[in-house]
Amino acid sequence: MNTLLLFSPAMLVPIAVAFTVGLLGYAYQALKPPPPKICGSPGGPPVTSPRVKLSDGRHLAYRETGVSKEVAKHKIIIIHGFDSTKDLHYPISQELIEEFKIYFLFFDRPGYGESDPDPSRSVKSEAYDVQELADKLQIGPKLSGAALVVPFVHYWWPCLPANLSTESFKRLPLQGQMTFRVAHYTPWLIYWWMTQKWFPSLSIKSGSMAALCPQDMEILAKLSESPRDGQGSKSQQQGVYESLHRDIITGYAKWEFDPMDLSNPFPDNEGSVHIWQGGEDRIIPSRVNRYISEKLPWIQYHEVPEAGHLLIFESKHWETILRALLH
């Protein structure tokens, strides 16, 4: 027996409306990131580290190592990178710490580890976080130098020649190119893009090692032999959106300034700024950082030919960087 269903125009309207509402509801859920699990809140991760309260009410978690502040000759603030926390171990020798009397301050950036998320996070706001943290902990008003190790580059900086930014961008794996375009042009899509299963997003987060050079792979093998101090679980414990995804948005959105707007913070040579770049780095293109350093001659550029993106995890490079910074 065959049954023929007939729908009148009056019946099709509510069906179309219901379908549209359902589709919009699905899209909204796919685009909207879940609320963060803030440390110390009901159901959130516990607070196990010392924290300071900032002027906007947020908390930053920190860790102090090296010699005490009272006897330190040099005080260094370490800013961790993508998918990391203040608890990451760096191969800095105790002999070097004692020789230079170094105090180290590590902290979790907003949304990472045990630091509260910042819904208004930007490049400038992160700089102000460092400034306020230093004031709260009475690190001292004097800045004597900065070492930028494989520093981030933005392919849409106005100061970059079009051929340089285009060629450098095309050297990235295709997944990286697509992800950074989403973050730059449609940041409201980043949560969906990073969690959808149809297309590959950021290659290194999907388990692909294509973005790492052989030297980086050797370092990763060594790091896998020792525990990461809870890095894998703590870096994203408040939510992947507030840590990794917001990092990508902040990095590739339109910046409030251009690198060429920067002036020498040490006009009287009372300090120095250094960039350390791995010559084999496949994640941060050396050509871009070399160009920036040439246009800003007060930056001392160091390219390590045999090193990759993870050069900071080799003790010999740490010693070279610290000696150059603290000479």
Side-chain angles (χ1 to χ4, degrees), residues 54-56 58 60 76-82 107-112 115 117-135 139 141-169 172 176-177 179-188 190 242-277 281 283-302 325:
L54 303 179
S55 57
D56 63 1
R58 290 183 296 114
L60 287 186
I76 298 178
I77 301 176
I78 304 290
I79 304 173
H80 70 77
F82 185 74
F107 73 100
D108 290 328
R109 294 192 291 114
Y112 278 103
S115 289
D118 181 2
S120 302
R121 194 165 136 201
S122 68
V123 175
K124 274 192 174 182
S125 72
E126 293 218 14
Y128 290 138
D129 282 354
V130 177
Q131 178 180 323
E132 192 169 357
L133 175 67
D135 291 341
I139 300 302
K142 184 180 178 182
L143 175 66
S144 59
L148 310 175
V149 184
V150 293
F152 171 89
V153 299
H154 192 303
Y155 299 95
W156 291 272
W157 278 332
C159 66
L160 295 181
N163 62 328
L164 175 60
S165 57
T166 300
E167 290 174 11
S168 299
F169 190 73
L172 298 173
Q177 295 182 38
T179 298
F180 301 153
R181 282 195 177 103
V182 171
H184 183 69
Y185 293 110
T186 56
W188 50 274
I190 197 69
E242 291 298 341
S243 50
L244 274 57
H245 298 178
R246 203 177 283 281
D247 240 8
I248 298 171
I249 294 172
T250 301
Y252 290 102
K254 184 177 180 181
W255 283 29
E256 303 98 325
F257 63 94
D258 187 280
M260 292 306 156
D261 297 334
L262 300 175
S263 57
N264 186 356
F266 308 110
D268 299 322
N269 295 320
E270 69 275 26
S272 57
V273 178
H274 303 255
I275 285 181
W276 296 84
Q277 172 74 49
D281 194 334
I283 298 176
I284 303 297
S286 58
R287 295 178 64 202
V288 175
N289 278 327
R290 194 183 308 130
Y291 175 84
I292 296 294
S293 301
E294 290 172 354
K295 294 299 181 180
L296 300 176
W298 44 269
I299 295 179
Q300 299 182 39
Y301 179 75
H302 313 265
L325 185 64

One pair to check against side-chain contact (heavy atoms from CB on, under 4.5 Å): Ser55 and Glu132. What are the steps and the verdict? CA-CA 8 Å; Ser55 57; Glu132 192 169 357; 3.3 Å; yes

Considering all heavy atoms of both residues, which atom of [X] and which atom of [Y] are nearest to each other, and what is their separation?
| X | Y | answer |
| --- | --- | --- |
| Ser168 | Val288 | OG-CG2, 3.6 Å |
| Gln277 | Ile284 | NE2-O, 2.9 Å |
| Pro259 | Leu296 | O-CD1, 3.5 Å |
| Pro265 | Trp298 | CD-CZ3, 3.6 Å |
| Leu54 | Asp129 | CD1-OD1, 3.5 Å |
| Ile283 | Leu172 | O-CD2, 3.8 Å |

Trace of the salt bridge (Lys or Arg N to Asp or Glu O under 4.0 Å) decision for Asp118 with Arg109: CA-CA 9 Å; Asp118 181 2; Arg109 294 192 291 114; over 6 Å; no

[X] side chain near [Y] side chain, heavy-atom distance below 4.5 Å:
| X | Y | result |
| --- | --- | --- |
| His302 | Ile275 | no |
| Val130 | Leu133 | no |
| Trp276 | Leu148 | no |

Contacts of type side chain to side chain donor-acceptor pair (under 3.5 Å), residue [X], not counting sequence neighbours:
| X | value |
| --- | --- |
| Arg246 | Glu242 |
| Ser286 | Arg290 |
| Ser272 | His274 |
| Asp56 | Arg58 |

Not counting sequence neighbours, which residues clear ring-ring contact (aromatic ring centres under 6.0 Å, His included) with Tyr112? List them please.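 Here the qualifying residues are His80.
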
Can you measure from [atom1] ([X]) to [atom2] ([Y]) and round to the nearest 0.5 angstrom?
| X | Y | atom1 | atom2 | result |
| --- | --- | --- | --- | --- |
| Asn264 | Ile299 | CG | CD1 | 9.0 Å |
| Ile77 | Phe107 | CD1 | CZ | 7.5 Å |
| Phe169 | Phe180 | CZ | CZ | 7.5 Å |

Donor-acceptor pair, side chain of Glu294 and main chain of Ile292, under 3.5 angstrom: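 No; zero donor-acceptor contacts below 3.5 Å.
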
Determine whether a donor-acceptor pair (N or O, by modelled atom type, separation under 3.5 Å) exists between the side chain of Asp258 and the backbone of Cys159.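 Checked: pair present.
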
Going by the rule side-chain contact (heavy atoms from CB on, under 4.5 Å), which residues pair with [X] if we only count those two or more places apart in sequence or in a different chain?
| X | answer |
| --- | --- |
| Lys124 | Ser122, Tyr128, Glu256, Phe257 |
| Ile249 | Pro187, Ile190, Tyr241 |
| Pro297 | none |

Residue pairs fulfilling salt bridge (charged side-chain N to carboxylate O under 4.0 Å, His left out) with at least one residue in residues 146-168, sequence neighbours excluded: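 Output for this query lists Glu167-Arg287.
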
Determine which pairs satisfy salt bridge (charged side-chain N to carboxylate O under 4.0 Å, His left out) with at least one residue from residues 144-164, sequence neighbours left out, and list them in order.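 Every pair satisfying salt bridge (charged side-chain N to carboxylate O under 4.0 Å, His left out) with a residue in residues 144-164: there are none.
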
Taking only residues two or more places apart in sequence, or in another chain, which ones meet Asp108 in a salt bridge (charged side-chain N to carboxylate O under 4.0 Å, His left out)?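 Partners of Asp108 by the salt bridge (charged side-chain N to carboxylate O under 4.0 Å, His left out) criterion, ordered by chain and then number, come out as Lys86.
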
Tell me which donor-acceptor pairs under 3.5 Å the side chains of residues 149-157 have, and how far apart each pair is, sequence neighbours excluded?
from, atom 1, to, atom 2, distance (Å)
His154, ND1, Trp156, N, 2.9
His154, NE2, Tyr252, O, 3.3
His154, NE2, Ala253, O, 2.7
Trp156, NE1, Tyr185, OH, 3.0

